[in-house]
Amino acid sequence: MLIDARNVTKAFGAFRAVDDASVSVEEGDILGLIGPNGAGKSTFFNCLTGDLPVTSGSVSFAGADVTRLPPEARAKLGLARTFQVPLTFESMSVLDNATIGALLRHHTAREARAKARDVLQRVGLGHVTDAPARSLGTPGRKRLEIARALASEPKALLLDEAMAGLTPTEVRDAIELVRRIHGDGITIVIVEHIMEVIVSLAQRVVVFHQGREIARGTPREVTSDPKVIEAYLGRRKVRHA
Amino acid sequence: QPAPVKIGVIYPLSGNSASAGNYSKMAIEVGADVINNGNAELAKIIPLAKGGGLPGLGGAKIQLIFADNQGTPAAGQNQALRLISEEKVAALIGAYQSGITLTASAIAERHGLPFLTAESVAANLTERGFKWFFRTTPVAIDFARAYSTFLKEQKAAGQKVGAIALVHENTEYGNSVASVIADQFGKDGLPITQKIAYSANSSDVQPQVLQLKEKNPDVVIFISYTSDAILYAKTMKELNWKPSIMIADNAGFNDPAFLKAMGSTVEGLVNRSAYSGGKPGSVPAIFNELYKAKAGVELDDVSVRGLQGFLVLADAINRAGSTDPAKIQAALRATNLPAEQMAAGYDGVKFDDKGQNVLASSVVTQLQGGKYVTIFPKARATANVILPYKGW
Amino acid sequence: MSITLVQVIVSGLLLGAVYALFSSGLTLIWGMMNVVNFAHGDFVMLGMYAAVMIWTALGGGPFAAVPVAAMLIATLGIVSYFLLVRHIMRGPMLAQILGTFGLALFLRYSAFWYFGADFKTLPDTIVGGSFVLGGVRFEGSRVLAGGMGLAITLALHLILTRTAIGSRMLAVSEDATAAQLMGIRPQRMQALAWAMAGAATGIAGALIANFFYTSPTVGETLAIIAFVTVSFGGFGSVLGALVAGLIIGVVESLSAYLIGPVYKDVVVYILFVLVLWFRPQGLMGKA
Amino acid sequence: MSALLRIEHLEVRYGDLIGVADVSLEVPAGSVVALLGSNGSGKTTTLNAIAGIVPVSAGTVAFDGENIAGQPAYAIVRKGLALSPEGWRLFTQQSVENNLLLGATPLSDRKRIPQLLERVYAVFPRLAERRNQRAGTMSGGERQMLAVGRALMSEPKLLLLDEPSLGLAPAIVDSMYDAFAALHKDGQTILLAEQSVDLALEAADYAYVLQVGRSVLQGPATEMAHNPDVQKIYLGIE
Amino acid sequence: MKRYLFPGALVVLALVYPLLVAGSPVWERLGALVLLGAIGASAWNIVGGYAGQVSVGHSVFFGFGAYSAVVVYTHLGWPPIAGAPLGMVLSVLLAAIIGVPTLRLAGHYFSMATIAVAELVRVLSSTSEFLGGAQGLGGPAMPRTVFDLSFISATPFYYIFLAVLAFLLGLTWWIERGRMGFYLRAIKDSERAARSLGVSSGRYKLYAYMLSGAFTSLAGSLYLCMFGFVDPESGFGILISVKMVVMAALGGAGVLFGPLVGALILVPLEELSNSYLGGRGAGLTFVVYGAIIVIIARFLPSGLLSLFERRPARPPAAKNQPASGHAD
Ligand SMILES: Nc1ncnc2c1ncn2[C@@H]1O[C@H](COP(=O)(O)OP(=O)(O)OP(=O)(O)O)[C@@H](O)[C@H]1O
Ligand SMILES: Nc1ncnc2c1ncn2[C@@H]1O[C@H](COP(=O)(O)OP(=O)(O)OP(=O)(O)O)[C@@H](O)[C@H]1O
Ligand SMILES: [Mg+2]
Ligand SMILES: [Mg+2]
């Protein structure tokens, strides 16, 4: 079990954004996490990464209880993430952004930079390494976040709507990219509203609604679950698949 | 016409003490004007006042070069160096705040140039073994003795001085004066029952006045700069409390700004001053007229001390007959000015080998009808003591 | 409780309301445009001079001085905004410190040059003396200042949180471009913010002048108090400034009375650091 | 139908970089026009240039017959135009409802505000539930709803929507597009940038395709849906 | 090649400057003052510029340095410069004590907290007898040995300061290019993102703060050696802190040579305006000084060195949606 979250609750005042959720991810898995807007997916991510302290429950990663660890300690253990609202280092070049990630496992700036170049190439940002990060559009930033996370050579990668805003063709490329990342032995948890992504990538899917898990199973199983259709997919779900 | 003699004057012309610095500046300008252009009346008493510059240097005029110490020791020292090396002044005078005098005079010492302080009172200034440093002003112990004798005299005359409160601001000036007064009073058996230290430039002094009001001492001695002096005077009136003798140690309470602002509410305030007023025709009285015409206010403790320091320096340069620093130094050492030539209320000027003026002294004054008049020592008094303190 | 202690607390509260008043302009400028105005104390100082001038030149009391000072400092705010602040906002946060510090020196010493270094005070007959209530003495000028302080800070608070114009100003402060998409003219709102802050500051100055000395450097003393009050209460929160001002006023008064005046600042600063330790955004600031 | 918006040879530069090189398009009154194009093709830049939040370096933007290029955004917006921008640009410190009310700033008829609020709340019930929540604490999708809702609040003549479906759950996308369809029926003019081609072409009357900052293809939406070139462009074949 | 032209010219000019102005004590001293200012501002730059933590209370370290130097003289009779290492060690400790609570604070709150701490220390120092209270303490009035660094000319100070500055800038340059430099910039841009990549932001900010404090303290010790006196105001006063910030901001914060450029402008401006205008006593010095700062801030808000930068493409709107919410 690489990631194991037990009975995680996150409350903002009286409102429970995540309500007693237990999710575990095996090493080598691709887990899809879906659910309507405001279901608590991002909040749950933040609890896993330590960006938000849990109200109750526990999180363990790679066998260690990390519930009380700050985000940077979890990152050092190999937990990487992207943000739904991109948080790139705007004053830096694309290359430097990725270098920050690479410095986690590389001692010198020179080595880190080489690693960063490598990763940028792989995610398809090889042609803009010297551009300032702020000149990228939202999708570009999200891609840069993936590169940055990969450069830190994580065991697990949490992707929060990393493909939002891509055209169908680009989505297909991105799916390929995630497959390749997965192929390198990185465990992936992915939040996405584009069902095509979930269906073609995820081995298992967990569905959240109002902070609670309402379904889990293979993509096929959950997309035909009437509860999921009712709460999330809506009548015309076919269009997205 | 010989080249003018340059004298460097370093004062706080900006920053929190700028008010004092600017008044002193005007007083010294009055002094230079008297020496350069003469004043018939003064010439009867002071030889240098005949006009036509310094006779000892063939009638060289005095040129004042002012510099602003900005209230910082660094600026004071930088300006001292500039005056010495660029302006090639013959001697320096300044710098009001003791800390700045300390750093500025160190430069003069290294360059071998006389430095005279007319108002810095910190004791350690003359303890440094400097050879080029002179001080004309009385220091804290002189003030303390004056108060002590004055109070003992009042006690003998039937005033209550059973409980004395000391209120002082917490910078160098207030702390040092307060501790010297406390020492002296201790020796003289005057009981200090309450000591209140506060930070200068307060935004509010009500708590302090309330503390006073509660203990209700007979005598309060304030050691405060202008801004706080004003606040105390205002607040005491607001809270309607007054001691039977209110003594203000100079500084803030002597500031013309304080008088302008609060004069009518502190009638009967006792103060000490180097300025003793004096009868018409006396040196202080004449200088006061000249100064009033220029500055619009009366001479006071700070301005008169600056003026006196300048006059001493001018006299020494004149006697040196040269701008050679060593000769001026020697002339300063030999200074011996009598009391009647004094603009300030000193007993004269004569330096000991540390450079301190051994004839420096203070008079005690009282605010009567909006003006400070000398009430102590008897020999100099121009009016009688009126007690208890009237206030507003 | 002894009557003196009550007196101490009352005077602390009145002082605190005044702190709140002259801090409200600072917090407003911060809240509206993320600018810390290092010249704030000097704005207060100019407001004080306005009152002094109106008294010495025209013999007018606070009822004349307050509106005039408000208008003068509001104008100064607008001018500073258009000539300086608008431009430094393009730069990093440090540019604000640089620019407003320069402005502070410029204003402080322009006043010095024009008014001289002298301390000025208003005759305390202007706001009729003092009165006693239940053994506690109230001074007219302080009650007036404290009362106006309360009223004005509350009014500012309501304007910011309850009105459309307040909401627009806040919108501009957060994202001027997005505000333009709402049809809001950012510069107009920001100039308005500077005018409002200036007016509040001018009023503060005119009222303080009734019981405080006026000098070109007085702003320095006041500015540090304002900075502490504003961060104590939470940047951008006028209500926070009010609460913080009252707390600081009372704490200062009490510690000066009970521990000793030298330590009152020590107590206030320690309290301030403690507050930030437990509430890094200040008492009422937004996280 | 007369053109409510007509853009000719629009060019936008970001310093040395070119955001949009040459875009021309027309939005007739009452129509829904879709703007398609791959990542970085210039859709956002075009919409932002129309609204005036990025400066136009060449070309004309005629709105209601008047060239608005170079005018400040607030002036343009007041002429009857609203944009739901990329990145939402919400006022995160203010409540959801305040954000919506701010959207109504250009509205001259203040009495319409309650009605308009209700309309937005009907499309996005989540916003009604959270009307007092601070916008900055909303989830990504909720923010998207709020951005679109806010643009609807001024009853603009021309509604500019930059990827309104981004980050929304499928069910919400459906109801939002239903709402657009209803608006369209009431005569609302909409210019819409979407990554999701199917969705856009279903909603639009007419579509333009941008490629590296140029408008390269155009046609009625129904035709475009079957146009192999559209697919080509999305496949990146030049 | 061109990159090295500016620093190269600076180095050469710096080395020969005292020769160029030999014979003019004022100009010799001015050189030393500029360097001293640059040391302080460059030290500040490490935490204020690179890490983006705008301390407006750095005088606390400056004062520690100055007092350490004078205290070893007053209480132990050592030459003041011997207090410099002590001051640096104490400042590192102090930085840790102040930094842990305050570096968590965001933006202006940090600035204000640092002001408060500095004021606190200032008030306390004025009540401490050990530190000479409000009177302050003076160094050796008369030089006893050469180690008292009591020179008539400022040139020896000039070269001492130059060496210190060179070392400090070299260190900063080395940091800038290495891991810590990357991390500090990352923290400045987005602390949250940096932490997600394993950057221990608290630790790195603290390192920067401690390093900065140590060198600011050294500047204070050097100041004392040159001026020979410190009191609470000239050691811990807020103006000392503000000047460091203003110098760095004027030249360009977070840029290696920014503080030096700032000092090169500001210190001579201050000295010359005081020399030429100060004596009139109308406050004109500061009217001019203030006006010039205002003008520079107005036209070059990012500092003078931004003139030489290649203009980066500015985003159309400087503000992105701030990542203040949790819902992402
Ligand atoms: N600080 C907060 N205070 C109150 N409510 C909050 C706060 N932060 C988040 N929420 C609420 O918690 C809920 C969960 O948000 P979260 O971002 O986890 O949703 P999500 O599943 O990621 O949605 P989306 O798909 O739209 O991104 C949302 O309804 C949001 O409004
Ligand atoms: N602030 C900026 N600075 C520099 N270049 C920019 C900026 N914003 C956009 N660009 C560039 O302008 C071009 C057009 O970008 P734009 O964001 O308009 O594309 P888009 O079609 O909206 O794509 P997306 O799918 O990314 O939203 C891109 O090459 C982009 O890199
Ligand atoms: Mg989310
Ligand atoms: Mg876009």
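Here is how names work: the chains are called A, B, and so on, in the same order as the sequence lines, proteins then strands, and each is numbered from 1. Since we're looking at a predicted model, the values are computed, not measured. Because only heavy atoms are used, hydrogens play no part in the values below, and waters and symmetry mates are left out as well, while side chains stay in.
- Judged by a 6.0 Å distance limit and a 45° cone about the ring axis, D/Arg119 is not positioned over the six-membered ring of D/Tyr121.
- Remark: A/Arg16 CZ is loosely packed, at most 12 non-hydrogen atoms of other residues, nucleotides or ligands lying under 6.0 Å away.
- When A/Gly165, A/Gly40, A/Ala231, A/Gly35 are compared by the number of non-hydrogen pairs under 4.5 Å with chain D, A/Gly165 comes out ahead.
- Contact count against chain A (heavy-atom pairs under 4.5 Å) is highest for D/Ala169 among D/Ala169, D/Gly19, D/Gly40.
- If you look at D/Tyr177 and D/Phe180, their ring centroids are closer than 6.0 Å.
- Salt bridge absent: A/Lys142 and A/Glu145 never bring a charged side-chain N and a carboxylate O closer than 4.0 Å.
- Only the side chain of D/Leu166 comes within contact range of chain A, judged by heavy atoms closer than 4.5 Å.
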